[in-house]
Number of protein chains: 2
Amino acid sequence: MTRATTSLKTYNQDCSDCPIRHRAVCARCETDELERLEQIKYYRSFEAGQTVVWAGDNMDFVASVVTGIATLSQTMEDGRRQMVGLLLPSDFIGRPGRATSAYDVTAATDTVMCCFRKKPFEDMMLNTPHIGQRLLEMTLDELDAAREWMLLLGRKTAREKIASLLTIIARRDASLQLSVADGELSFDLPLTREAMSEYLGLTLETVSRQMSNLRKEGLIVTEGKRHITIPDFDRLLEETGDDSDGGFLM
Amino acid sequence: MTRATTSLKTYNQDCSDCPIRHRAVCARCETDELERLEQIKYYRSFEAGQTVVWAGDNMDFVASVVTGIATLSQTMEDGRRQMVGLLLPSDFIGRPGRATSAYDVTAATDTVMCCFRKKPFEDMMLNTPHIGQRLLEMTLDELDAAREWMLLLGRKTAREKIASLLTIIARRDASLQLSVADGELSFDLPLTREAMSEYLGLTLETVSRQMSNLRKEGLIVTEGKRHITIPDFDRLLEETGDDSDGGFLM
DNA sequence: CAAAATCCTTGACACAGATCAATCCTGATG
DNA sequence: CATCAGGATTGATCTGTGTCAAGGATTTTG
C-alpha cells in the first residue's frame with residue numbers, strides 16, 4: 001500500500017493510484033475527460049495535525065484524499081468541538097457551488113490530497129453528467145453515514161460509541177488493516193484519544209477509560225498507544241448496539 | 001396558507017402548490033418535462049402518527065412533502081430511537097438507486113405527499129440533467145443540516161438543544177409562522193414532546209422540564225400544549241450556543 | 001543522556017440528565 | 001355532564017459521564 005510519506009512525484013508520474021480517477025469521480029471517464037481532469041489537478045500534502053482550511057475560509061478547490069486521514073469539525077464559541085466528517089482515502093472534500101468551507105478541515109495523520117481548482121471542475125461537471133451523478137451517489141452515502149453517526153451521538157452509551165468507532169474504522173479503511181485471520185483483525189488507530197472524543201461526543205478521559213475497560217475484558221488488545229488487535233470482531237460488534245446483521249457499511 | 005386538511009382534489013386539479021415542481025425538483029423544467037412528471041405523479045395523505053414506511057421495507061417511490069411534517073427515524077434493537085431527518089413542506093424523501101428505506105418514515109402531523117414511482121422518475125433523471133443537479137444541491141443541503149444536527153447531539157446541553165430546535169422550526173417552516181412583529185414570533189409546534197426528545201437525543205421528561213424553564217424565564221410563552229410565542233427571537237438565539245451571526249440556515 | 005513535550009491513564013468528586021412514579025391538563029366520547 | 005385517554009408536567013432519586021487533578025509512558029529536542 002502506498003504510504004503517506006510517498007513523494008508527490010510518484011503520483012505526478014503515474015496517477016494510477018489516484019482515487020479521484022478510479023473510485024471517486026471518474027470511474028466512467030473517457031480518455032479525453034481524463035486528460036482534462038489531469039490538466040486541472042495538483043497535489044498537496046499535510047502533516048499530522050495541520051489544518052487544511054478553517055471554517056469560513058475561502059476554499060477555491062475540491063479534493064480527494066489520496067493517503068492519510070482528514071477530518072471535518074465544527075467549533076462552538078466556547079471551544080466545544082464536534083467532528084462531523086471523517087475522510088479516508090478516496091473520500092471527497094468540498095462542495096461545488098459554495099465559496100467557503102463550512103467546517104475546519106484537519107489532517108489527522110500525514111495526508112496527501114488530490115486537488116482540483118473549483119471553477120474548472122464545476123465547468124467540467126456541467127459537460128460530463130456522470131461526474132455529477134457520481135457526486136450525488138457519494139453525497140447520499142455521506143448522508144447515510146451522517147445519519148448513522150447521529151444515532152451514535154444521540155443514543156449510544158460511551159462503551160457502545162467506542163466499539164462502534166473501532167468497527168467503523170476497521171471496516172472503512174482496508175489499508176489500515178494489517179492482518180486478518182479467522183475473525184482476528186489488527187490495525188493502527190489513526191486517531192488520538194482527543195480526535196476520538198471529538199468524533200464520539202465524549203471527553204478524552206471517558207474515551208481512555210472505556211478503551212481500558214474493553215482492554216481489560218479482552219475485547220481489544222493494544223500494543224503501544226495506537227496499535228490495536230481485535231481478537232474477535234463479532235464479539236466487538238455485539239458491543240456496538242447495532243443490529244447484528246450490519247448496517248449500511250457492511 | 002394551504003392546510004394539511006385540504007383535499008387531494010385541490011392538488012390534482014391545480015398543481016401550482018406542488019413543491020416538487022416549484023422548489024424541489026423541477027424549477028427549470030420545460031413544459032414537456034412537466035408533462036412527463038405529471039404523468040407519473042400521485043398523491044398520498046397520512047394522519048398524524050401514521051407510519052409511511054418502515055425501515056427495511058420496499059420503497060418503490062420517491063416523494064416530496066406537500067403539507068405537514070414527516071420524520072425519518074432509526075430504532076435500536078432495545079427500542080432506543082433517534083430521529084435523523086425532519087421533513088417539512090417541499091422536502092424530498094427517498095433515495096434514487098436504493099430499493100428499500102433505511103429509516104422509519106412517519107407522519108408527525110397530518111401530511112400530504114406528492115409521490116413519483118421510482119423507476120420512471122429515475123429514467124427521467126437520466127435524460128434531464130438539471131433534475132439530478134437539483135437533487136445534488138438538495139442532498140448537500142441535507143448533509144449540512146445533518147452535520148449541524150450532529151453538533152447539537154454531540155455537544156449541546158439540554159437547554160441549548162431545546163432553544164436550537166425552536167429556532168430551527170421557526171426558521172424552516174415559514175408556513176407555521178402565524179405572526180411576526182418586531183422580533184416577536186408565534187407558531188404551532190408540530191411535534192409532541194416525545195418527537196422533540198427523539199430529535200434531540202433526550203428523554204421526554206427532560207424536554208418538558210427545559211420547556212418549563214424557558215417558559216418561567218419568559219423566553220417563550222405557551223398557550224395550550226402546542227402554541228408557542230417567542231417574544232424576543234434574538235434572546236432565544238443566544239441560548240442555542242450557536243454563533244450569533246447564524247449558521248447555514250440564515 | 002537529560003529535559004521537555006505529547007499523549008495517555010487513572011482517581012476523586014460533581015452534576016446534568018435518566019429513570020421511576022405520581023398527578024395534571026385538555027380534548028374526545030358516550 | 002362525567003368519564004376516559006393521550007399527552008404533558010413535576011418530583012425524588014440514581015447513575016453515567018464530565019470535571020479537575022495528578023502522574024505515567026513514549027517520543028522529540030538539545
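In what follows, chains carry the letters A, B, and so on, assigned in the order in which the sequence lines appear, proteins first and then strands, with residues in each chain numbered from 1. Predicted model only: the values in this text are computed from it and were never measured. In what follows, every heavy atom counts, from backbone to side chain, and hydrogens, waters and symmetry copies are set aside.
One can place CZ of B/Arg193 at 15 Å from P of C/dA18, the figure rounded to the nearest angstrom. Per the geometry, NZ belonging to B/Lys225 stands 7 Å off P belonging to C/dT26, to the nearest Å. Distance CE (A/Met196) to C1' (D/dT17): 16 Å, rounded to an integer number of Å. Taking atom CG on A/Asn213 and atom C1' on C/dT9, their separation rounds to 12 Å, with Å as the unit. Atom CZ in B/Arg226 sits roughly 12 Å away from atom P in C/dG27 (whole-Å rounding). The CD1 atom of A/Ile220 sits 13 Å away from the P atom of C/dC8 (whole-angstrom rounding). Atom CG in B/Asp188 sits roughly 15 Å away from atom P in C/dT26 (whole-Å rounding). Rounding to whole angstrom units, CZ of residue A/Arg80 and C1' of C/dA16 are separated by 13 Å.
Within a 6.0 Å sphere centred on CD of B/Glu47, heavy atoms belonging to other residues, nucleotides or ligands number 12 at most. More than 12 heavy atoms of other residues, nucleotides or ligands shown are found within 6.0 angstrom of CD on B/Glu217.
Ionic pairing of B/Glu142 and A/Arg147 is present here: one or more N-O contacts between side-chain nitrogen and carboxylate oxygen are shorter than 4.0 angstrom.
Although no hydrogens or angles enter the test, the distance criterion places a donor-acceptor pair under 3.5 Å between the side chain of B/Ser212 and the main chain of B/Ser208. Put simply, the side chain of B/Thr109 never gets that close to the backbone of B/Gly68: no donor and acceptor are under 3.5 Å apart.
Along DNA chain D, the nucleotide closest to A/Gln210 and the one closest to A/Gly224 are compared, and the more 5′ of them pairs with A/Gln210.
Taking CD of B/Glu238 as the start and CG of B/Leu219 as the end, the distance is 9.0 Å to the nearest 0.5 Å. One finds the CG atom of A/Leu86 at 5.5 Å from the CD1 atom of A/Ile69 (value rounded to the nearest 0.5 Å).
Partner of A/Ser164 under the side chain to side chain donor-acceptor pair (under 3.5 Å) criterion, out of A/Lys156, A/Arg159, A/Glu239: A/Lys156 alone.
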Distances under 3.5 Å between protein N/O atoms and the N/O atoms of nucleotides 10-15 of chain D, please, pair by pair.
{"residue": "D/dT10", "atom": "OP2", "partner": "B/Ser212", "partner atom": "OG", "Å": "2.6"}
{"residue": "D/dG11", "atom": "N7", "partner": "B/Arg209", "partner atom": "NH1", "Å": "2.8"}
{"residue": "D/dG11", "atom": "O6", "partner": "B/Arg209", "partner atom": "NH2", "Å": "3.2"}
{"residue": "D/dA12", "atom": "N6", "partner": "B/Arg209", "partner atom": "NH2", "Å": "3.4"}

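Within a heavy-atom distance below 4.0 Å of DNA chain D, the residues of residues 154-163 of chain A found are A/Thr157, A/Ala158.
The nucleotide whose nearest atom lies closest to any side-chain atom of A/Thr203 is, among C/dG17, D/dA8, D/dG18, D/dG18.
For the pair B/Ile169/B/Leu165, a side-chain contact is recorded, criterion being any heavy-atom separation below 4.5 Å from C-beta on. The shortest side-chain heavy-atom distance between B/Arg235 and B/Phe233 does not fall under the 4.5 Å cut-off. A heavy-atom distance below 4.5 Å is found between the side chains of B/Leu153 and B/Gln82.
Using a 4.0 Å heavy-atom criterion, one finds that A/Gly49 contacts no nucleic acid atom at all.
Base pairing in DNA chain C gives the following stems of 3 or more Watson-Crick or G-U pairs, range against range and under 3.5 Å: C:1-30 with D:1-30.
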